[in-house]
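See structure below.
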Amino acid sequence: MSDTTIAARLLDVIERDILPLTEQGVGAGNKVFGAAILRKSDLSLVVAETNNELENPLWHGEVHTLKRFYELGEKLATKDLIFLSTHEPCTMCMSAITWAGFDNFYYFFSHEDSRDAFAIPHDLKILKEVFGLEPGGYRRQNAFWNSFAIADLVETEEDKVKADLKAQTVRIKARYDALSTDYQSSKGDNDIPLN
Ligand SMILES: [Zn+2]
């Protein structure tokens, strides 16, 4: 995998590893968010997971992934790992990633996408209500980590690769569109506090 760029690898992990789990999770009534942890050294997958708020409203995709990661019992140093989130993390998940010691996270959809394309406005509402921050108001580069939008990385690829990754992005978004429709049509039946 060493000749694969990070953007290409992260899109593959979303498409092949996270999305199948999320399709099951949404089928059960959970939200559409997922995450994964990879090794920096060879971009191999350590663990992928998906939202499980029906069990516990704190099991966002990211926190649920961290829970599973620590349950693996492999003592991998988080400084050697990449954190991938399908959606820009909420403040709880961003803090969890920080407390776990990661120096990075990468995301596919933005907070604005979660609000506008997924009808899930809670990330931005919490930023505003709890922290007094407008969209984009947190520090994407800071002493703990640097965060990256995968779409921005795709733009830096050479043309041939960029075209392939954009086609893959379209494919991935279509699957999330379908999942979002399923979640929104079922969420009246769940008792997730912020559904
Ligand atoms: Zn979260």
Side-chain angles (χ1 to χ4, degrees), residues 10 13-14 17-19 21-38 45-72 78 81-142 144-151 172-173 175-176 179-180 182-184 186-187 190-195:
L10 296 182
V13 169
I14 291 171
D17 298 295
I18 300 174
L19 264 167
L21 296 172
T22 300
E23 283 163 352
Q24 289 178 24
V26 170
N30 287 294
K31 287 201 185 82
V32 300
F33 307 105
I37 295 171
L38 294 83
L45 182 69
V46 176
V47 63
E49 255 305 342
T50 196
N51 180 288
N52 191 17
E53 280 180 78
L54 289 179
E55 179 183 305
N56 178 331
L58 306 187
W59 295 159
H60 288 192
E62 300 92 323
V63 172
H64 197 219
T65 298
L66 289 168
K67 172 186 184 287
R68 291 271 192 258
F69 171 68
Y70 288 107
E71 287 171 352
L72 290 175
T78 46
L81 302 172
I82 290 168
F83 199 96
L84 167 62
S85 187
T86 59
H87 295 65
E88 191 173 7
C90 76
T91 46
M92 172 180 76
C93 293
M94 210 181 278
S95 290
I97 291 164
T98 309
W99 282 100
F102 288 86
D103 66 6
N104 68 86
F105 64 79
Y106 295 76
Y107 58 91
F108 184 74
F109 291 106
S110 68
H111 281 159
E112 289 86 346
D113 291 330
S114 295
R115 178 191 61 196
D116 301 338
F118 290 86
I120 296 179
H122 314 305
D123 310 279
L124 287 172
K125 273 193 179 162
I126 291 171
L127 264 183
K128 178 69 176 172
E129 289 297 322
V130 180
F131 300 94
L133 296 172
E134 299 298 331
Y138 74 91
R139 302 185 65 217
R140 288 191 160 84
Q141 319 290 324
N142 60 60
F144 293 102
W145 37 258
N146 295 315
S147 61
F148 306 93
I150 295 169
I172 290 171
K173 286 187 171 178
R175 283 172 76 182
Y176 277 102
L179 288 170
S180 180
D182 288 351
Y183 177 73
Q184 291 298 330
S186 76
K187 76 175 187 180
N190 75 42
D191 56 3
I192 297 169
L194 301 183
N195 69 8

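Numbering of ligands and ligand atoms starts at 1, following listing order. Computed from a predicted structure; not experimentally measured.
Ordered by chain and number, His60 ND1, Cys90 SG, Cys93 SG make up the set of protein N, O or S atoms under 2.8 Å of the Zn ion (ligand 1).
The aromatic rings of Phe118 and Phe33 sit tilted, their planes meeting at an angle between 30° and 60°.
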Per-pair distances, 0.1 Å, donor-acceptor, side chain in residues 84-94, under 3.5 Å, sequence neighbours excluded:
| residue | atom | partner | partner atom | Å |
| --- | --- | --- | --- | --- |
| Ser85 | OG | Glu62 | OE2 | 2.9 |
| Ser85 | OG | His87 | O | 2.6 |
| Thr86 | OG1 | Gly34 | N | 2.9 |
| Thr86 | OG1 | Gly34 | O | 3.1 |
| Glu88 | OE1 | His111 | N | 2.7 |
| Glu88 | OE2 | Tyr138 | OH | 2.5 |
| Glu88 | OE2 | Arg140 | NH2 | 2.7 |

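Atom CG of Asn142 sits in a crowded spot, with more than 12 heavy atoms from other residues, nucleotides or ligands closer than 6.0 Å.
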TODO: Tell me, with the steps shown, if Phe102 and Trp145 meet ring pair (Phe, Tyr, Trp, His ring centres under 6.0 Å).
DONE: CA-CA 7 Å; Phe102 288 86; Trp145 37 258; over 10 Å; no
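In this structure Lys187 satisfies the salt bridge (Lys or Arg N to Asp or Glu O under 4.0 Å) test with no other residue, sequence neighbours excluded.
Within the structure, every pair that satisfies the salt bridge (charged side-chain N to carboxylate O under 4.0 Å, His left out) test and touches residues 121-130, not counting sequence neighbours, is listed here: Lys128-Glu134.
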